[in-house]
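Below, each value reflects all heavy atoms present in this structure, side chains not excepted, and no hydrogens, waters or symmetry copies. The chain is numbered in sequence order, starting from 1.
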Amino acid sequence: RRRHTRYISVTGVQTCALPIYMTSAQIYAVQNRQVVDVAGPLQAALDDATLSGSTGKGWSIFMPMGLYYIGSTLSIPNATMFFGAGRQQTGIRPMSGFNGVMITDKGNASKIFLRDFRIDGLGLAGITDLIKMGYGAEPLGGGEFNNLFLYGGSVGLPAANINGLN
């Protein structure tokens with residue numbers, strides 16, 4: 001067993017606890033609902049998931065309770081579970097001035113699981129989609145979206161834009 005490993009093996013799936021990618025100030029901001037951009041640490045955890053995602057085993061990225069503000073789009077890799085502590089406990093919100101899609105895939109939208117958090121677009125005019133998947137190299141194939149709460153993208157636009165397999 002490695003002493004300083006970042007990951008915990010749970011029933012054969014690698015699970016990453018997100019705070020290992022965050023500074024103490026970022027963790028404090030998330031826990032206390034302060035507006036601090038944490039897209040970098042979130043994306044770093046997701047990028048590390050890419051290393052295993054190509055093998056089909058995938059990673060689970062856990063977001064503990066808190067409010068995560070992002071200033072740029074999060075890209076979820078193939079074969080990844082991205083989950084929170086519950087849709088009332090864990091949320092993702094855009095920074096002021098955010099433009100575009102909040103969460104998307106990395107072009108291969110297979111085996112993506114999103115669960116137990118909320119995405120609140122705050123009604124910002126620049127947000128085109130809260131979630132957009134399956135528009136890259138291949139449509140969404142497999143995976144699940146469970147216990148998500150999607151709220152407040154741009155008025156008149158869909159909250160989730162999914163191009164899936166029949």
Side-chain angles (χ1 to χ4, degrees), residues 15-50 53 59-137 139-140 143-164:
T15 301
C16 167
L18 184 60
I20 62 166
Y21 290 87
M22 301 171 76
T23 66
S24 337
Q26 289 170 324
I27 292 169
Y28 180 85
V30 165
Q31 292 172 339
N32 291 284
R33 304 167 113 26
Q34 295 176 348
V35 181
V36 172
D37 188 354
V38 293
L42 283 169
Q43 192 60 57
L46 291 164
D47 289 345
D48 275 359
T50 303
W59 291 94
S60 292
I61 308 297
F62 174 64
M63 294 181 293
M65 181 174 22
L67 194 53
Y68 298 79
Y69 281 88
I70 59 171
S72 56
T73 300
L74 298 178
S75 297
I76 313 287
N78 179 44
T80 299
M81 177 184 288
F82 191 47
F83 67 105
R87 64 185 198 178
Q88 298 301 321
Q89 292 82 24
T90 303
I92 297 175
R93 284 187 174 168
M95 296 291 290
S96 177
F98 186 100
N99 288 300
V101 178
M102 289 183 65
I103 297 178
T104 190
D105 61 72
K106 284 194 162 209
N108 180 358
S110 179
K111 301 177 191 166
I112 291 177
F113 297 83
L114 304 178
R115 71 167 217 225
D116 299 324
F117 63 92
R118 71 183 177 280
I119 305 170
D120 183 352
L122 301 175
L124 294 179
I127 295 174
T128 56
D129 297 284
L130 300 180
I131 298 174
K132 184 172 185 176
M133 302 251 173
Y135 288 89
L140 184 67
E144 295 178 11
F145 299 167
N146 287 321
N147 198 29
L148 294 178
F149 182 77
L150 308 177
Y151 177 77
S154 296
V155 176
L157 293 174
N161 195 344
I162 311 295
N163 180 27

Novice: To the nearest 0.5 Å, what is the distance between CD1 (I103) and CZ (F117)?
Specialist: 4.5 Å
Novice: Can you check whether Y69's main-chain N or O pairs, donor with acceptor, with R93's side chain at less than 3.5 Å?
Specialist: no
Novice: So, taking the atom named CZ in R118 and the one named CG in L150, what distance separates them when rounded to the nearest 0.5 Å?
Specialist: 12.0 Å
Novice: How long is the straight-line distance from OG1 of T73 back to CG of N99, given to the nearest 0.5 Å?
Specialist: 9.5 Å
Novice: What are the two closest heavy atoms between V36 and A29, and how far apart are they?
Specialist: CG2-CB, 3.5 Å
Novice: Using 30° and 60° as the class limits, which term best fits the ring planes of F83 and F62: parallel, tilted or perpendicular?
Specialist: tilted
Novice: State, to 0.1 Å, how close L124 and M95 come at their nearest heavy-atom pair, and which atoms those are.
Specialist: CD1-O, 3.6 Å
Novice: Taking all non-hydrogen atoms of both residues into account, name the closest pair between M102 and D120 and its distance.
Specialist: CE-O, 4.3 Å
Novice: N32 side chain to Q34 main-chain N or O, any donor-acceptor pair under 3.5 Å?
Specialist: no
Novice: If we only count heavy atoms from C-beta on, is the M63 to L42 side-chain gap below 4.5 Å?
Specialist: yes
Novice: I119 vs L114, test: side chain to side chain contact (heavy atoms under 4.5 Å, CB included). Steps then yes/no.
Specialist: CA-CA 11 Å; I119 305 170; L114 304 178; 5.7 Å; no
Novice: Which value, rounded to the nearest 0.5 Å, describes the distance between E144 atom CD and I112 atom CD1?
Specialist: 13.0 Å
Novice: Work out which heavy atom in G121 is nearest to a heavy atom in P94; give both atom names and the distance.
Specialist: O-CG, 3.6 Å
Novice: At what distance, to the nearest 0.5 angstrom, does CG of D105 lie from NZ of K132?
Specialist: 10.0 Å
Novice: With no hydrogens and no angle check, is any side-chain donor or acceptor of Q43 less than 3.5 Å from a backbone partner on S75?
Specialist: yes
Novice: Is a donor on one side and an acceptor on the other found under 3.5 Å between the side chain of N146 and the backbone of R115?
Specialist: no
Novice: For residues L130 and I127, report the shortest heavy-atom separation together with the two atoms involved.
Specialist: CD2-CG2, 4.1 Å
Novice: For M65 versus Q89, what's the shortest heavy-atom pair and its separation?
Specialist: CG-O, 3.1 Å
Novice: Could you tell me whether the side chain of T90 and the main chain of A85 form a donor-acceptor pair under 3.5 Å?
Specialist: yes
Novice: Using the side chain to side chain contact (heavy atoms under 4.5 Å, CB included) rule, take F82 and I92 through it: C-alpha gap first, then chi angles, then the decisive distance, then the call.
Specialist: CA-CA 12 Å; F82 191 47; I92 297 175; 4.0 Å; yes
